[in-house]
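Quick note on labels: first sequence line is chain A, next is B, and so on, each numbered from 1. We use all heavy atoms of the structure for the numbers below, so side chains are in, but hydrogens, waters and symmetry mates are not.
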Protein chains: 2
Amino acid sequence: MAAAKGTPMSPTHIEETALAGFPGYESSCEIDEDAGRAIREVLDRVGDKWSLLVIATLRRDRLRFSELLRHIPGISQRMLTLTLRQLQRDGLISRTAYAEVPPRVEYELTALGGTLIPIARTIGDWALANHPAIVESRSQYDAR
Amino acid sequence: MAAAKGTPMSPTHIEETALAGFPGYESSCEIDEDAGRAIREVLDRVGDKWSLLVIATLRRDRLRFSELLRHIPGISQRMLTLTLRQLQRDGLISRTAYAEVPPRVEYELTALGGTLIPIARTIGDWALANHPAIVESRSQYDAR
DNA sequence: CGGCATCCCCTTCGATACTG
DNA sequence: CAGTATCGAAGGGGATGCCG
């Protein structure tokens, strides 16, 4: 997706940090830059319009394509397909196709994908709690 | 890679924010429709390319525009401006301009913006821990 | 120094139609 | 049922230039 674009990135220059002080990567400058890259790539994967919602929807059971389509309001067939392919490629969900008529395909979180559930919950918690404040701040800002 | 050091990949790192007992909201294992919309909302705000990185960079001190530019590798002047405006509009950061020559502008997290730090931390932890696994899975998927 | 404004490419995503 | 193919609108985001 947004991964491979033309990023100039001068190799001679050692950048300063975006994330020094965060647990686990406060040690050196190079790790900080790696952390920044990693975060951006993860956001590119999971920060898109539907990925995290698909993950959240699959948190309990394996679901069929059409079930996912029904459980996620507003998603189009095309976007569900594309999102599922990305997640499968990244090892976050598994796809199982049964050779039946009519065909049946089931999707399921992998162990790796399951580790994203706490993130979905954290984001969901924050959004439910603070969305009204954001709306309020925004309308005040726009009032000028 | 960088992820193998430090923390031994504990997947559940749930940060308890100040919203325990938030009126009308209880944290549950369920990610229902409201939470789904909430996830979509916050991802629209903060799931873009730079917002979370700006938040993380401001987590300690107030910083000037040029300092932010230096601390966030790869961001363009234009995108930093746009990101800061949006964060300011949503009440997540505050902007203070000093009438000096040369001009000086400082950005700082608001209290609301500060509540995003646990999210940045959670995502950062996950990214560092699992980014290598994703890259690996992706290359295997592509090799077929 | 701290920005807007402009140009323009590229990606994302929805709508629609078709297939095994 | 579970996709694939194609088109087109919308906007994200880099490069550059100008300005208080």
Side-chain angles (χ1 to χ4, degrees), chain A residues 1-10 36-37 39-54 57-58 62-90 93-108 141 144, chain B residues 39-41 43-54 57-58 62-90 93-108 141:
Chain A
M1 218 175 283
K5 272 212 58 176
T7 328
M9 213 64 74
S10 71
R37 250 199 287 276
I39 286 181
R40 261 182 283 110
E41 265 187 55
V42 165
L43 277 180
D44 282 343
R45 288 303 138 193
V46 134
D48 68 0
K49 201 171 180 181
W50 303 110
S51 288
L52 210 59
L53 230 43
V54 170
T57 306
L58 285 172
R62 25 190 2 219
L63 291 175
R64 311 177 52 161
F65 186 87
S66 54
E67 291 174 326
L68 281 167
L69 213 50
R70 278 194 302 272
H71 279 74
I72 306 176
I75 197 172
S76 65
Q77 199 177 43
R78 170 190 144 93
M79 284 319 295
L80 180 55
T81 299
L82 291 179
T83 303
L84 288 171
R85 287 296 159 273
Q86 291 273 2
L87 294 175
Q88 183 189 356
R89 176 171 183 258
D90 288 349
I93 65 173
S94 65
R95 190 191 111 116
T96 311
Y98 299 89
E100 302 173 354
V101 177
R104 179 166 56 103
V105 179
E106 290 187 343
Y107 294 92
E108 182 178 22
Y141 183 95
R144 261 167 309 155
Chain B
I39 288 177
R40 281 250 20 78
E41 278 285 341
L43 250 45
D44 281 342
R45 298 303 137 195
V46 132
D48 68 359
K49 200 171 180 181
W50 302 110
S51 289
L52 208 61
L53 232 42
V54 170
T57 307
L58 284 174
R62 22 190 4 221
L63 291 175
R64 310 178 52 164
F65 186 88
S66 55
E67 292 173 326
L68 282 167
L69 213 50
R70 279 194 303 272
H71 279 73
I72 305 177
I75 196 172
S76 66
Q77 198 178 45
R78 170 190 145 92
M79 285 319 296
L80 180 56
T81 299
L82 292 179
T83 303
L84 288 172
R85 284 300 155 272
Q86 178 163 277
L87 293 176
Q88 183 190 357
R89 176 170 182 262
D90 289 349
I93 64 172
S94 65
R95 189 191 112 114
T96 311
Y98 299 89
E100 301 173 355
V101 178
R104 179 166 56 102
V105 179
E106 290 187 342
Y107 294 93
E108 184 177 20
Y141 183 96

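When rounded to the nearest whole Å, the span between CG of A:L80 and P of D:dC1 equals 14 Å. Computed from coordinates, the B:Y107 OH to C:dC1 C1' distance equals 11 Å when rounded to whole Å. In this structure, CG of B:D44 is placed 13 Å from C1' of C:dT12, rounded to the nearest angstrom. Following rounding to the nearest Å, A:I75 (CD1) and C:dA15 (P) show an atom-to-atom distance of 12 Å. Separating the CD atom of B:E100 from the P atom of C:dC1 is a distance of 13 Å, rounded to the nearest angstrom. The distance from atom CZ of A:R78 to atom P of D:dA5 is 11 Å, rounded to the nearest whole Å. In this structure, A:Q77 places its CD atom 13 Å from P of C:dG14, rounding to the nearest Å. Between the CG atom of A:L82 and the C1' atom of D:dA5 there is a distance of 11 Å, given to the nearest Å.
Rounded to 10 degrees, the angle separating the terminal axes of the helix from C:dC1-D:dG20 to C:dG20-D:dC1 is 40°, with each axis obtained from five end pairs.
Here A:R40 does not pair with A:D44 in a salt bridge; the nearest charged N to carboxylate O distance is not below 4.0 Å.
Along DNA chain D, the nucleotide nearest to A:T81 and the one nearest to A:P102 differ in position, and the one closer to the 5' end is contacted by A:P102. Residue-to-nucleotide proximity on DNA chain C shows that, of A:K49 and A:P103, the 5′-proximal contact is made by A:K49. Where B:E67 and A:G74 each meet DNA chain C at their nearest nucleotide, the meeting point lying more 5' is that of B:E67.
Looking at heavy-atom distances under 4.0 Å, B:Y98 makes no contact with the nucleic acid at all. Residue contacts for B:R64: at a heavy-atom cut-off of 4.0 Å it reaches the sugar-phosphate backbone alone, with no base atom in range.
Dashed line: the shortest gap from a side-chain N or O of B:R95 to OP1 or OP2 of C:dG2 is not under 4.0 Å. Between A:S66 and D:dA2, a side-chain N or O to OP1/OP2 separation shorter than 4.0 Å is present. Listed pair A:S76 / C:dC13 fails the phosphate criterion, with no side-chain N or O lying under 4.0 Å from OP1 or OP2.
With a 4.5 Å cut-off on side-chain heavy atoms, B:V105 and B:R95 count as touching. Using a 4.5 Å heavy-atom threshold, the side chains of B:F65 and B:R70 count as separate.
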Item to check | From CA spacing to verdict: side chain to side chain contact (heavy atoms under 4.5 Å, CB included), A:L82, A:W50 | outcome: CA-CA 10 Å; A:L82 291 179; A:W50 303 110; over 6 Å; no
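For A:R104, the side-chain hydrogen bond (donor to acceptor under 3.5 Å, both in side chains) criterion is met by A:E100, A:E106, not counting sequence neighbours.
Atom-to-atom distance recorded for B:I93:CD1 and B:L84:CG is 4.5 Å, nearest 0.5 angstrom. Atoms CG and OH, from B:L80 and B:Y107 in turn, are 7.0 Å apart once rounded to the nearest 0.5 Å.
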